[in-house]
Amino acid sequence: MGASLVRTEQLTAMNEGFRNVWTISKRELGGYFNSPVAYVFIVIFLLLTGFFTFSLGFYHERGQASLAEPFFSWHPWLYLFLVPSVGMRLWAEERRSGTLELLLTMPIAPWQAIVGKFLASWLFLAIALALTFPVVLTTAYLGDPDNGAIISGYVGSLLLAGAYLGVTELMSAITRNQIIAFIISVVVCFLLLLCGWEPVTQFLVNHVPEGLVSLVKGMSTWHHFGTFQKGLIDLRDVVYFGSVIGFSLFTTSVVLRGVRGA
Amino acid sequence: MGRVADEVTRQWLDLSLLTSTATIGSLNFFLNAGAICCLLARSQFERKGQLAVEGRVGVPEHLSRGPVLRVEWLKRQSDMITVENLVKEFGTKRAVNGVSFEVKPGEVLGFLGPNGAGKSTTMRIITGFMPATSGRVTVGGHDIVDSPLAAKRLMGYLPESAPSYSDMTVHGFLNWAAEMRGLSGSARQDAIRRVTGLCFLENVLHQSVDTLSKGYRHRTCLAQALIHDPEILILDEPTDGLDPNQKFEVRQLIRRMGEKKIIIFSTHILEEVEACCTRAIIIDRGVVVANGTPAQLKAKSELAGSVTVRVHGVGVEAVRTKLAQLGVAGKVSAQAEGNTVSARVQPRERGQGADLASAVADVVAKEGWRFDELHTEEGRLDDVFRAITKPDTAKAAA
């Protein structure tokens with residue numbers, strides 16, 4: 001009886017936690033769709049993915065029913081600008097308008113607000129990503145693609161967006177200026193991407209010890225996203241993206257504590 | 001006590017209340033309910049924060065039926081807000097320097113002070129927005145640092161700039177606030193209806209916040225603070241930016257709600273303190289420099305207790321000498337304006353106001369002076385305020 005008592009109480013607390021996260025998420029999502037920004041973003045995202053896939057990706061010239069090269073390989077570069085533009089307002093706007101004071105005096109734990117905001121933006125990006133489905137349909141119509149590779153590509157793409165978003169949320173907490181948050185996020189995400197990009201690793205191989213090269217490469221979103229593109233969902237890569245997200249969100253909570261202290 | 005009983009019957013009527021025995025300081029309810037229901041009830045009460053709940057699942061001796069919940073409500077210190085030795089440093093600057101006070105239910109505490117005195121900082125610490133550098137704050141018995149959620153549940157807070165999410169409608173914003181406070185379903189709708197009425201927001205309920213005037217935005221944020229009908233209200237300049245009619249309404253509201261709740265509000269409008277506070281604290285450069293009822297504070301004024309009399313057709317010197325001869329009189333000043341003389345007599349010792357007035361009246365009657373004014377000064381809050389706080393310009397020089 002005693003054990004079940006404790007369990008029920010924990011469940012109630014957990015439910016309340018999830019409810020708070022959802023309340024925050026709902027408001028954020030509403031914030032996106034109440035303004036034209038969301039629709040503009042989605043249109044730009046779809047136009048760009050279409051353009052990259054069908055023009056720059058040499059989709060037709062390849063003569064292969066595969067999305068890895070022409071479609072997914074552009075995502076790290078596209079997200080570099082699009083994800084920070086989605087996430088830059090998350091905390092910067094709260095700080096600028098003073099609503100941070102309102103939010104953090106509500107009876108919720110700060111992590112619930114941090115996770116809620118993250119999930120809302122992530123869901124928004126997921127919606128945008130899901131709307132690229134015509135590309136998949138086209139490929140399926142033209143040939144016989146490897147569905148597993150497409151699924152793993154989408155999973156990887158979503159995780160990649162999540163990692164960039166985590167970084168952006170952190171940068172957004174650092175400043176009250178959205179533009180600054182955007183710029184720093186782009187730079188940090190670019191560095192994360194660059195340190196595994198082949199020209200850079202090639203350069204590193206000639207100058208630093210091999211152990212260091214693989215360490216740097218292991219830190220890169222490029223490297224880990226590559227596996228998904230090949231059609232593999234490797235636990236190590238999932239853990240990598242998960243830890244980037246986890247680390248970013250945790251650091252966000254530390255930054256927010258600092259913001260309130262000063 | 002009645003409040004708790006209402007709460008129990010409102011929420012748990014369907015569980016068939018078996019007996020309720022009210023004893024002094026505690027209230028026992030025996031609910032005939034399943035074990036799960038008892039647990040739910042318990043968490044519900046604990047969420048109210050102010051109830052100390054003894055949830056016991058068991059069969060009491062005098063009852064033969066199922067599991068029982070006993071709710072004990074203890075009226076204790078835990079109803080109060082206590083602030084002990086609060087210190088807050090920003091870098092090398094001390095914004096709050098050892099502030100201590102207590103507020104009990106039924107008190108409306110006015111927080112006065114020049115700009116930058118540390119009023120907002122203190123409120124931000126009480127509401128749990130900022131951690132203090134040192135010192136302790138308990139709200140309803142909950143330490144704001146150790147159990148912030150329980151403390152925050154009890155409070156409604158109107159921050160200084162009255163922020164709200166500008167991309168939402170008023171209704172959407174209040175709905176969000178209610179949801180954050182754990183209200184759902186019809187309780188949420190009722191709460192929204194109640195606060196829109198209280199804050200006169202009916203006309204703008206479906207307008208977007210960024211299209212509203214400053215007064216409406218302010219009231220929207222105030223409505224948010226009231227949405228869960230909190231036991232404690234912390235209002236940072238609640239009448240700032242309102243027109244005189246709205247100011248009046250908000251003061252009325254504060255006074256009405258202050259009968260049962262704890263209200264702390266900051267202001268630099270002195271008449272507001274007189275209009276709705278039961279107690280006022282004056283804070284200057286992070287230090288409490290005065291703490292008392294508005295009447296007590298006014299009594300500290302230089303003028304407090306002095307008697308003013310205006311007479312006709314008598315020489316200034318004659319008035320001055322006659323009044324100065326009184327045993328209870330201290331300093332006497334008199335000046336002539338045409339045919340009339342105004343004299344002010346200060347009491348020799350503080351608190352002799354009543355004696356002084358009758359003594360002056362006797363003199364006036366005995367001498368047969370014609371007079372058209374004779375009154376005792378209550379003292380003026382702004383004099384006190386000026387005397388014990390120093391202006392900003394002095395701060396720059398120091």
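Keep in mind that the numbers below use all heavy atoms, side chains included, and drop hydrogens, waters and symmetry copies. So that the names make sense, note that chain A is the first sequence line, chain B the second, and so on, each numbered from 1. What you are looking at is a predicted structure, and each value in this text was computed from that prediction instead of being measured.
- The two residues B:Arg153 and A:Pro107 make their nearest non-hydrogen contact at CG-CB, 3.5 Å.
- A:Lys26 and B:Glu179 are joined by a salt bridge, as a carboxylate oxygen and a charged side-chain nitrogen come within less than 4.0 angstrom of each other.
- Listed by first and then second residue, the side chain to side chain donor-acceptor pair (under 3.5 Å) pairs involving residues 113-137 of chain A are A:Glu28-A:Lys117, A:Tyr32-A:Ser121, A:Glu94-A:Lys117, A:Thr132-A:Tyr154 (not counting sequence neighbours).
- From A:Glu16, atom CD reaches atom CG of B:Leu149 across 8.0 Å, with rounding to the nearest 0.5 Å.
- Counting non-hydrogen atoms of other residues, nucleotides and ligands closer than 6.0 Å to CE of A:Met219 gives a total of 12 or fewer.
- For chain B, the nearby parts of A:Thr105 are the backbone and the side chain; heavy atoms of each come within less than 4.5 Å.
- In terms of heavy-atom pairs under 4.5 angstrom with chain B, the leader among A:Leu100, A:Ile24, A:Thr23 is A:Thr23.
- Note that CG of B:Asp167 is 5.5 Å distant from CZ of A:Arg27, once rounded to the nearest 0.5 Å.
- Of residues 157-164 of chain B, those residues with a non-hydrogen atom less than 4.5 Å from any non-hydrogen atom of chain A are, in numerical order, B:Tyr157, B:Pro159, B:Pro163, B:Ser164.
- A donor-acceptor distance shorter than 3.5 angstrom exists from the side chain of B:Lys152 to the backbone of A:Leu104, with no hydrogens or angles considered.
- Among all heavy-atom pairs drawn from B:Cys221 and A:Leu102, the shortest one is SG-CD1, 4.1 Å.
- Counted within 6.0 Å of CZ on A:Phe250, heavy atoms from surrounding residues, nucleotides or ligands total 12 or fewer; the atom is thus considered open.
- Both the backbone and the side chain of B:Ala177 come within less than 4.5 Å of a heavy atom of chain A.
- Residues of residues 162-176 of chain A lying within less than 4.5 angstrom of chain B, judged on heavy atoms, are absent.
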Q: Using the side-chain contact (heavy atoms from CB on, under 4.5 Å) rule, take A:Met106 and B:Gln224 through it: C-alpha gap first, then chi angles, then the decisive distance, then the call.
A: CA-CA 11 Å; A:Met106 287 288 178; B:Gln224 161 279 131; 3.8 Å; yes

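- When all heavy atoms of A:Glu101 and B:Phe129 are compared, the pair lying nearest together is CA-CE1, 3.5 Å.
- In terms of heavy-atom pairs under 4.5 Å with chain A, the best-connected choice from B:Met155, B:His228, B:Arg124 is B:Arg124.
- Within the structure, the salt bridge (Lys or Arg N to Asp or Glu O under 4.0 Å) test picks out the following pairs touching residues 213-229 of chain B (sequence neighbours left out): B:Asp229-B:Lys261.
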